[in-house]
2 protein chains.
Amino acid sequence: MTDFNDKQLDILQAAEKLFAEEGFDGASIRNIAREANVNIAMISYYFGSKEKLLEALIIHRTSGMKMQLENIFNENLSPADKVDRLIDLYISRINKNKCMYQIVHFELSTKKRIMDMKAFIDIKLQNVEAFKRIIQEGQAQGVFRKDINIFLIPTTIVGILVHFQMNRMFMETALQLESDDAFEAYIKNELTAHIKQTIKALLLHEN
Amino acid sequence: MTDFNDKQLDILQAAEKLFAEEGFDGASIRNIAREANVNIAMISYYFGSKEKLLEALIIHRTSGMKMQLENIFNENLSPADKVDRLIDLYISRINKNKCMYQIVHFELSTKKRIMDMKAFIDIKLQNVEAFKRIIQEGQAQGVFRKDINIFLIPTTIVGILVHFQMNRMFMETALQLESDDAFEAYIKNELTAHIKQTIKALLLHEN
DNA sequence: ATAAAATTTAAACAAACGTTTAATTTAAAC
DNA sequence: GTTTAAATTAAACGTTTGTTTAAATTTTAT
């Protein structure tokens with residue numbers, strides 16, 4: 001959307017890193033400026049304030065999601081395959097932007113609503129809507145159960161993935177994942193398979 | 001464990017509230033002291049530092065979990081019923097201590113490991129172990145599938161619940177839950193039912 | 001080449017931070 | 001009742017915070 005120059009992109013990248021590592025309050029403008037190799041005042045100059053910097057970061061990172069959702073829905077696939085594709089999209093998006101998701105999920109949880117999260121909430125509503133359409137499609141075809149809470153399906157997918165990433169230290173210890181690659185690989189293989197298996201079991205299971 | 005006097009309990013309660021509302025960095029010693037109606041210096045006097053205050057809070061809130069897990073395992077129930085009981089225990093514990101969980105899940109996610117989370121990691125390992133024993137019991141009896149990732153079952157349960165609570169604002173909007181009671185009721189009814197249904201479907205589903 | 005606008009800088013700002021100090025009050029012990 | 005220890009206080013400590021300023025530099029336009 002809004003295009004940024006190189007220096008602005010440097011600032012956004014540094015902010016993403018430090019916000020995720022130390023939290024919004026924990027990260028200081030001075031550290032962000034040093035990480036981005038710019039003067040302290042440049043952040044106020046370009047973004048206005050620390051809060052507006054976070055806002056710009058989130059909008060920058062969430063743009064484009066809506067289009068990808070539309071693409072999946074319009075593909076010529078069975079509902080079950082569309083669900084698979086949707087799960088893959090979720091995981092790759094969240095994995096790609098894990099820093100930003102970490103920031104947002106924390107900021108959303110605090111009571112002092114430091115910013116207007118409308119852009120992010122819109123994305124989430126679109127996700128729910130995409131799932132609703134696909135699952136109802138499958139229900140109409142008789143391949144999906146009908147006694148399920150569709151709204152909670154995205155919550156389930158994102159909840160498992162985000163919780164796994166948020167507890168990285170514990171997971172690494174318990175699963176003996178001793179490198180970044182091993183951790184990434186576990187998400188890409190075992191965790192993704194588990195999520196797909198879980199959602200499929202829920203949608204297809206018959207008593 | 002360690003017993004606290006009334007003033008210390010006031011401080012712990014105020015700290016829990018403000019840490020959860022504003023994050024560890026966002027909450028200030030001065031605000032905590034005002035909330036607890038004590039002098040600023042009393043916090044250093046009793047707990048030593050802000051970090052040690054958080055540490056004391058977590059140990060205070062997690063004590064007793066291990067015993068409850070043992071009780072469930074030793075009850076005379078079917079594996080499926082034990083899983084149900086375990087899910088109920090999870091949800092009630094996390095619901096009861098939602099502030100503390102919110103704090104911990106954020107602190108665990110930051111890279112600057114500000115404190116020794118050993119007490120909390122131990123609890124999590126015990127949870128995993130409890131599930132492993134119960135599910136393997138069910139597998140031995142032939143009532144549970146064997147091609148599942150047992151380690152990820154607690155992750156799934158806690159992930160769904162924590163993610164729901166962390167995104168309270170979004171959930172309230174999307175589900176039109178317009179009061180605290182309505183939100184609590186949704187967790188107690190719909191969300192709990194969804195989690196149980198999901199785990200059961202995963203454990204029992206046959207292709 | 002010159003004027004105007006945009007960028008970049010070091011320095012300063014007031015405010016808030018966690019913690020400590022030293023003095024005072026309260027409680028306990030003998 | 002006196003002494004000793006614990007609890008409590010207001011004030012000050014030195015840092016760090018986000019933001020602003022005003023001057024210097026670079027870029028752009030004419």
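The structure displayed is predicted, hence computed values, not measured ones. Letters A, B, ... are given to chains in the order of the sequence lines, protein chains preceding strands, and every chain is numbered from 1.
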[atom1] of [X] versus [atom2] of [N]: gap in Å, rounded?
{"X": "Arg34(A)", "N": "dT17(D)", "atom1": "CZ", "atom2": "C1'", "result": "14 Å"}
{"X": "Asn31(B)", "N": "dG18(C)", "atom1": "CG", "atom2": "C1'", "result": "13 Å"}
{"X": "Asp6(B)", "N": "dT8(D)", "atom1": "CG", "atom2": "C1'", "result": "16 Å"}
{"X": "Ile29(A)", "N": "dC13(C)", "atom1": "CD1", "atom2": "C1'", "result": "16 Å"}
{"X": "Leu54(B)", "N": "dG18(C)", "atom1": "CG", "atom2": "C1'", "result": "15 Å"}
{"X": "Ile40(B)", "N": "dA11(D)", "atom1": "CD1", "atom2": "C1'", "result": "9 Å"}
{"X": "Glu51(A)", "N": "dT17(D)", "atom1": "CD", "atom2": "C1'", "result": "14 Å"}
{"X": "Asp10(B)", "N": "dA7(D)", "atom1": "CG", "atom2": "P", "result": "15 Å"}

**Study point:** Residue whose closest nucleotide on DNA chain C lies nearer the 5' end, Asn39(A) versus Gly48(B)
**Key:**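 That would be Asn39(A).
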Respond yes when some side-chain nitrogen or oxygen of [X] is under 4.0 Å from OP1 or OP2 of [N], and no when none is.
{"X": "Tyr45(A)", "N": "dT20(D)", "answer": "no"}
{"X": "Ser28(B)", "N": "dA16(C)", "answer": "no"}
{"X": "Tyr46(B)", "N": "dA6(D)", "answer": "no"}
{"X": "Lys7(B)", "N": "dT8(D)", "answer": "yes"}

Exercise for review: Could you tell me whether Gln13(B) atom CD has more than 12 heavy atoms of other residues or ligands within 6.0 Å of it?
Suggested key: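 No - once you tally the heavy atoms of other residues, nucleotides and ligands closer than 6.0 Å, there are 12 at most.
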Practice item. Just compare dA7(D), dG18(C), dT19(D) and give me whichever is closest to any side-chain atom of Met42(B). Key: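 The closest nucleotide is dA7(D).
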Exercise for review: Among the candidates dC17(C), dG18(D), dA10(D), find the nucleotide nearest to the side-chain atoms of Ala41(B).
Suggested key: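 The nucleotide sitting nearest to the side chain is dA10(D).
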**Study point:** Residue whose nearest DNA chain D nucleotide is more 5′ - Asn37(B) or Ala27(A)
**Key:**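 This one resolves to Asn37(B).
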Practice item. Taking the six-membered ring for Trp and the full ring for Phe, Tyr or His, determine whether the centres of Tyr186(B) and Phe164(B) are under 6.0 Å apart. Key: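 Yes: the rings meet the under 6.0 Å criterion.
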Point to revise | Geometric cation-pi criterion, Lys52(A) with Phe47(A): 6.0 Å, 45° | key: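 Geometry flag: not set, cation outside 6.0 Å or 45°.
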Practice item. Decide whether a cation-pi geometry holds between Lys82(A) and Phe73(A); the criteria are a distance under 6.0 Å from NZ or CZ to the six-membered ring centre and an angle within 45° of the ring axis. Key: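 That pair qualifies as a cation-pi contact.
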Using a 4.0 Å heavy-atom cut-off, does [X] contact any base of the nucleic acid, only the sugar-phosphate backbone, or nothing at all?
{"X": "Ala33(B)", "value": "nothing"}
{"X": "Phe47(A)", "value": "nothing"}
{"X": "Ile43(A)", "value": "nothing"}

Check your understanding: Paired with dT8(D): which nucleotide, if any, by Watson-Crick or G-U wobble criteria at under 3.5 Å for both distances?
Key ->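 Across all strands, the one nucleotide that pairs with dT8(D) is dA23(C).
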Check your understanding: Quick one: do Lys188(B) and Glu184(B) make a salt bridge, cutoff under 4.0 Å?
Key ->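 No, this pair does not count.
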